[in-house]
Amino acid sequence: TDGNISVRLPNGNIMCTPTMCNKGLVTAEDMVIIDIKGQKISGARKQSSEMAMHLLVYEMRPDVQSVVHAHPPCATAYAAAGIPLNKALISEVVLALGCIPLTEYGTPGTPELTERLKPFVRSFDALLMSNHGVVTYGANIEDAFNRLDTVEHFAKISIYTRILGRERLLSSEDVDKLLVQ
């Protein structure tokens, strides 16, 4: 039941998953439509208290059409440990996301959380939220979800390199060559 997903509709309203539901079992009838201010327009269920986070992303990023928030275990472990995923460890992650910064803790569902995210939203497509989880966004729901999957995949690999006792990072020259392609 953790996490939430939203999509910006062509008319500017937001369709989102309801609070306290298993996202794998959600049906079309469960979905909630809200306006850009967070006011419910339709739906029998209640929207998540964390929709303010989604609305902030939509406000700051006109290019974004979908937001995904979840608590994947490895990435959330980094968030809870206070460690950003900002090392050039895997070329695919450098190309897909750059780095995944860590925001300061903000209480979920409060304006404090959105204030903590504001400095990062314009420059990054994925954020670790201290002691909370991950939020990703993109041009469509598949893009936003794939970014979440990439964050969790990167977190797992990063943990494994730490277990093995060595992180062999890409050099700045290697990163520059990747970004030129």
Side-chain angles (χ1 to χ4, degrees), residues 1-8 14-17 23-24 48-162 167 169-170 172 174-176 178-181:
T1 62
D2 292 347
N4 32 72
I5 302 165
S6 69
V7 176
R8 188 189 326 237
I14 309 299
M15 180 171 56
C16 58
T17 53
K23 305 313 175 275
S48 169
S49 63
E50 296 197 289
M51 276 304 110
M53 169 177 45
H54 294 241
L55 295 174
L56 171 73
V57 173
Y58 292 126
E59 178 185 328
M60 294 183 72
R61 296 282 301 273
D63 61 308
V64 166
Q65 301 303 314
S66 184
V67 178
V68 176
H69 164 57
H71 310 107
C74 294
T76 301
Y78 271 87
I83 303 170
L85 288 166
N86 63 355
K87 294 181 179 178
L89 190 58
I90 305 168
S91 57
E92 292 79 11
V93 175
V94 170
L95 288 171
L97 293 172
C99 72
I100 302 109
L102 176 73
T103 68
E104 289 184 43
Y105 178 76
T107 305
T110 69
E112 178 186 36
L113 176 63
T114 55
E115 285 303 312
R116 300 292 197 249
L117 299 179
K118 266 185 191 177
F120 300 93
V121 170
R122 285 196 205 283
S123 302
F124 301 96
D125 295 324
L127 304 173
L128 292 180
M129 298 179 288
S130 287
N131 301 91
H132 186 164
V134 179
V135 62
T136 60
Y137 27 95
N140 54 56
I141 196 166
E142 185 177 6
D143 192 29
F145 177 79
N146 287 341
R147 286 178 175 161
L148 180 73
D149 190 50
T150 298
V151 171
E152 180 66 358
H153 182 70
F154 181 38
K156 286 179 187 175
I157 291 170
S158 186
I159 287 171
Y160 294 151
T161 62
R162 288 171 179 247
E167 291 178 310
L169 302 178
L170 297 171
S172 58
D174 290 333
V175 171
D176 288 343
L178 279 173
L179 298 177
V180 170
Q181 294 182 8

Separation between [atom1] of [X] and [atom2] of [Y], rounded to the nearest 0.5 Å:
X    : Y    : atom1 : atom2 : result
Y78  : S130 : OH    : OG    : 14.5 Å
S66  : N140 : OG    : CG    : 7.0 Å
T110 : R116 : OG1   : CZ    : 8.5 Å
I14  : M51  : CD1   : CE    : 9.0 Å
L85  : I159 : CG    : CD1   : 8.5 Å
T161 : L89  : OG1   : CG    : 5.0 Å

Qualifying salt bridge (charged side-chain N to carboxylate O under 4.0 Å, His left out) pairs, either residue in [range], two or more places apart:
range            : value
residues 67-79   : none
residues 60-77   : R61-D63, R61-D125
residues 73-98   : K87-E167
residues 148-161 : none

Give a yes or no answer on whether the side chain of T150 reaches the backbone of N146 with a donor-acceptor pair at less than 3.5 Å.
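Looks like yes, one N/O pair under 3.5 Å.
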
Please check: side-chain N/O of S123 versus main-chain N/O of F120, any donor-acceptor pairing under 3.5 Å?
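Such a contact is absent between S123 side chain and F120 backbone.
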
Are [X] and [Y] packed together at the side-chain level, in the sense that at least one heavy-atom pair is separated by less than 4.5 angstrom?
X    : Y    : answer
L113 : T107 : no
L170 : L178 : yes
V135 : V68  : no
I100 : N86  : no
C99  : F124 : yes
S48  : T17  : no
L127 : Y137 : yes
T136 : V67  : no

Using the test salt bridge (charged side-chain N to carboxylate O under 4.0 Å, His left out), find all partners of D143 that sit at least two apart in sequence or belong to another chain.
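Listed in chain order: R147.
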
Applying salt bridge (charged side-chain N to carboxylate O under 4.0 Å, His left out), can you list everything that pairs with E59, at least two apart in sequence or on another chain?
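Result, salt bridge (charged side-chain N to carboxylate O under 4.0 Å, His left out) vs E59: none returned.
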
Where [X] and [Y] come nearest, the two heavy atoms and their spacing:
X    : Y    : answer
N131 : Y105 : CB-CD1, 3.8 Å
G138 : A144 : N-CB, 3.8 Å
L128 : I83  : CD1-O, 3.5 Å
T76  : G133 : OG1-CA, 3.7 Å

In a check of side-chain hydrogen bond (donor to acceptor under 3.5 Å, both in side chains) between S6 and each of Q65, H69, H54, which one passes?
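Among Q65, H69, H54, the one meeting side-chain hydrogen bond (donor to acceptor under 3.5 Å, both in side chains) with S6 is H54.
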
Would M129 and M53 count as a side-chain contact (heavy atoms from CB on, under 4.5 Å) here? Give the steps.
CA-CA 11 Å; M129 298 179 288; M53 169 177 45; 3.6 Å; yes

Aromatic rings H71 and H132: how do their planes relate, parallel, tilted or perpendicular, breaks at 30° and 60°?
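Plane angle under 30°, so parallel.
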
